[in-house]
There are 2 protein chains.
Amino acid sequence: MKSERPTESVARIASMNASNDTPRHDPTRKRLLQAALEIFADKGFRDATVREICARAEVDVASVNYHFGSKEALYSEVLGFAYREASERYPYTKAGDKSLPPEVRLRHFIGNLLGRMLDDTYLGRHGKLLARELADPTPTGALDQVIETTMKPHCELLDGIVAELVGPGYSEADMHRLGLSVVGQCLMYYHSRSLIDRVYPEIIATPEDIERTAEHIARFSIAALKHLHLEKPAPHRAG
Amino acid sequence: MKSERPTESVARIASMNASNDTPRHDPTRKRLLQAALEIFADKGFRDATVREICARAEVDVASVNYHFGSKEALYSEVLGFAYREASERYPYTKAGDKSLPPEVRLRHFIGNLLGRMLDDTYLGRHGKLLARELADPTPTGALDQVIETTMKPHCELLDGIVAELVGPGYSEADMHRLGLSVVGQCLMYYHSRSLIDRVYPEIIATPEDIERTAEHIARFSIAALKHLHLEKPAPHRAG
DNA sequence: GGTCAATTCAAACGTATGTTTGAATCGAAG
DNA sequence: CTTCGATTCAAACATACGTTTGAATTGACC
């Protein structure tokens with residue numbers, strides 16, 4: 001038996017999205033968003049409980065239903081919020097600045113992306129939440145919107161940089177594979193952190209190590225892109 | 001109030017591990033392992049339920065406790081089983097054959113690793129389960145053993161190939177970063193599958209596409225490794 | 001056939017969790 | 001001060017889920 005309240009809350013969320021984040025003074029809601037971001041990033045959607053989020057936000061468990069309508073709707077809201085905040089903390093303006101050489105732009109892109117994954121301050125949670133959602137999308141359907149509105153433009157930005165570095169003569173699919181080869185090197189530092197911490201803990205142990213890693217990824221990628229034409233595809237393999 | 005049964009089951013599991021997989025005719029247990037592998041790979045540890053696993057295996061829910069002691073112990077067993085089976089399906093013998101050139105060996109390594117991630121037949125679940133565990137380790141502690149006994153040797157194998165291709169003059173940490181740059185390109189095809197399917201679905205849509213992707217990763221990596229010495233590290237960045 | 005250990009079974013148990021409910025409280029406006 | 005909508009609250013609800021329990025069944029051995 002659903003009361004009328006969730007419908008009202010859902011409508012409120014819809015108007016929030018449509019108005020592109022109208023400023024609101026609503027301390028409870030803000031506290032919930034912040035607490036949820038921390039706990040969802042840490043534990044994922046399934047393991048995070050409404051009770052734990054509300055305890056951290058110091059509000060009553062019914063508040064999630066009142067302000068957001070459901071745990072899922074809260075998660076969707078948090079995901080969008082996370083992406084917007086990560087973009088502020090790690091902006092892509094230099095990567096998008098076409099007056100800079102493509103090598104420099106690529107370095108900025110990689111530094112930003114890796115920073116989001118590995119920043120252990122409170123803002124690193126945004127990147128972590130996104131990486132987690134990519135690896136195991138929640139049934140909320142929130143990922144589709146985030147990909148369309150924000151991640152896709154970043155993929156296109158990277159495709160442009162890659163195209164300048166590698167030169168002409170590659171299919172569209174291969175151009176995409178090139179971009180993914182760059183991005184994959186960064187994302188694995190989140191997705192395979194458990195392996196890295198056990199096998200090679202020294203390489204991202206400190207902020208300096210992280211910077212060295214970003215520089216290494218940039219160097220590896222630039223070397224690959226500039227010299228790809230020298231490596232011929234291998235002959236087709238049987239079976 | 002714990003009965004004596006779990007202790008007995010745990011001791012049985014320990015002797016299984018110690019004896020290096022003594023052959024056993026135990027249809028219920030086998031059916032549970034197989035069903036659990038499928039469902040754990042698909043849904044992860046938390047979302048998979050004992051009831052669903054038992055339904056698929058067509059056994060009673062108490063069987064998990066009887067044969068394995070707990071859901072966690074079942075998962076640990078499945079993880080080890082998954083890794084052993086994946087190694088049979090995608091062996092690393094050619095990648096480890098030092099009579100072959102390092103380029104060829106790297107191609108085999110990458111083809112194996114990517115195949116595990118993207119094989120949609122029943123055997124692909126092994127790689128998927130491992131990738132999932134890497135991204136979000138379960139509280140079972142099972143990952144430590146799998147990493148020590150099997151994944152670490154594969155990392156070392158790759159480190160050897162990389163060393164031959166890149167030549168001397170790099171620190172140990174940088175050698176590790178190089179290996180990870182290769183592995184990361186493969187792993188992202190699992191971990192970021194949700195993004196790829198939405199943004200660039202065409203690049204791993206068919207088995208032929210997957211092969212092209214493996215070839216691309218090999219080519220990118222070989223180009224990078226062979227020409228890394230031509231790319232100087234960028235100057236230190238402020239802030 | 002009887003005995004005994006192993007195995008299976010359905011029901012029960014104890015705990016967890018998202019959601020709902022109706023009352024109480026709060027804050028703004030008249 | 002009263003009214004009214006918004007918000008918060010604690011308790012309850014309905015469902016889910018890993019685990020336990022004691023009885024029933026099975027299979028091997030004598």
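Reckoned from all heavy atoms, side chains included, excluding hydrogens, waters and symmetry mates. Below, chain A is the first sequence line, B the second, and so on; all start at residue 1.
- Between Lys71(B) atom NZ and dA16(C) atom C1' there is a gap of 13 Å when expressed in whole angstrom units.
- At a non-hydrogen distance threshold of 4.0 Å, Ala48(B), Thr49(B) from residues 39-49 of chain B come into contact with DNA chain D.
- Surrounding CD of Glu172(B) are at most 12 heavy atoms belonging to other residues, nucleotides or ligands under 6.0 Å away.
- Contact annotation: the side chain of Ile203(A) approaches that of Leu180(B) to within less than 4.5 Å [non-hydrogen atoms, C-beta and beyond].
- Distances shorter than 4.0 Å separate none of the side-chain N or O atoms of His67(A) from OP1 or OP2 on dA6(D).
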For nucleotides 10-12 of chain D, list the nitrogen or oxygen atoms of the protein found under 3.5 Å from its nitrogen or oxygen atoms, one pair per line.
from: dA10(D); atom 1: OP2; to: Asp60(A); atom 2: OD1; distance (Å): 3.2
from: dA10(D); atom 1: N7; to: Asp60(A); atom 2: OD1; distance (Å): 3.3
from: dA10(D); atom 1: N7; to: Asp60(A); atom 2: OD2; distance (Å): 3.4

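- Separating the CG atom of Leu74(B) from the C1' atom of dT19(D) is a distance of 14 Å, rounded to the nearest angstrom.
- When the nearest nucleotides of DNA chain D are assigned to Val50(B) and Glu58(A) by heavy-atom distance, the more 5′-ward of the two goes with Glu58(A).
- The backbone N or O of Pro201(A) sits nowhere less than 3.5 Å from a side-chain atom of Asp197(A) that would complete a donor-acceptor pair.
- Distance Tyr66(B) OH to dA24(D) P: 18 Å, rounded to the nearest Å.
- Between Asn65(A) and dT20(C) there is a side-chain N or O to OP1 or OP2 distance below 4.0 Å.
- Residue pairs meeting the salt bridge (Lys or Arg N to Asp or Glu O under 4.0 Å) criterion with at least one partner in residues 139-151 of chain B, sequence neighbours excluded, are Arg198(A)-Asp144(B), Glu148(B)-Lys152(B).
- Glu52(A) has its CD atom 9 Å from the P atom of dT17(C), to the nearest Å.
- His126(A) places no side-chain N or O within donor-acceptor distance of the main-chain N or O of Arg116(A), the cut-off being under 3.5 Å.
- Following rounding to the nearest Å, Arg31(B) (CZ) and dT7(C) (C1') show an atom-to-atom distance of 13 Å.
- Going from atom CG of Leu32(A) over to atom P of dT7(D) covers 13 Å, rounded to whole Å.
- In this structure, Lys71(B) contributes its side chain and Val64(B) its backbone to no donor-acceptor pair below 3.5 Å.
- Ring pair His154(B)/Phe109(B) is perpendicular by interplanar angle, where above 60° counts as perpendicular and below 30° as parallel.
- Geometric assessment of Lys128(B) against the ring of Tyr190(B) yields a negative cation-pi assignment under the 6.0 Å and 45° thresholds.
- With hydrogens and angles ignored, the 3.5 Å screen pairs no side-chain donor or acceptor of Arg46(B) with any backbone N or O of Thr138(B).
- Applying the 4.0 Å criterion to OP1 and OP2 of dT8(C), one finds that Thr28(B) has a side-chain N or O inside that range.
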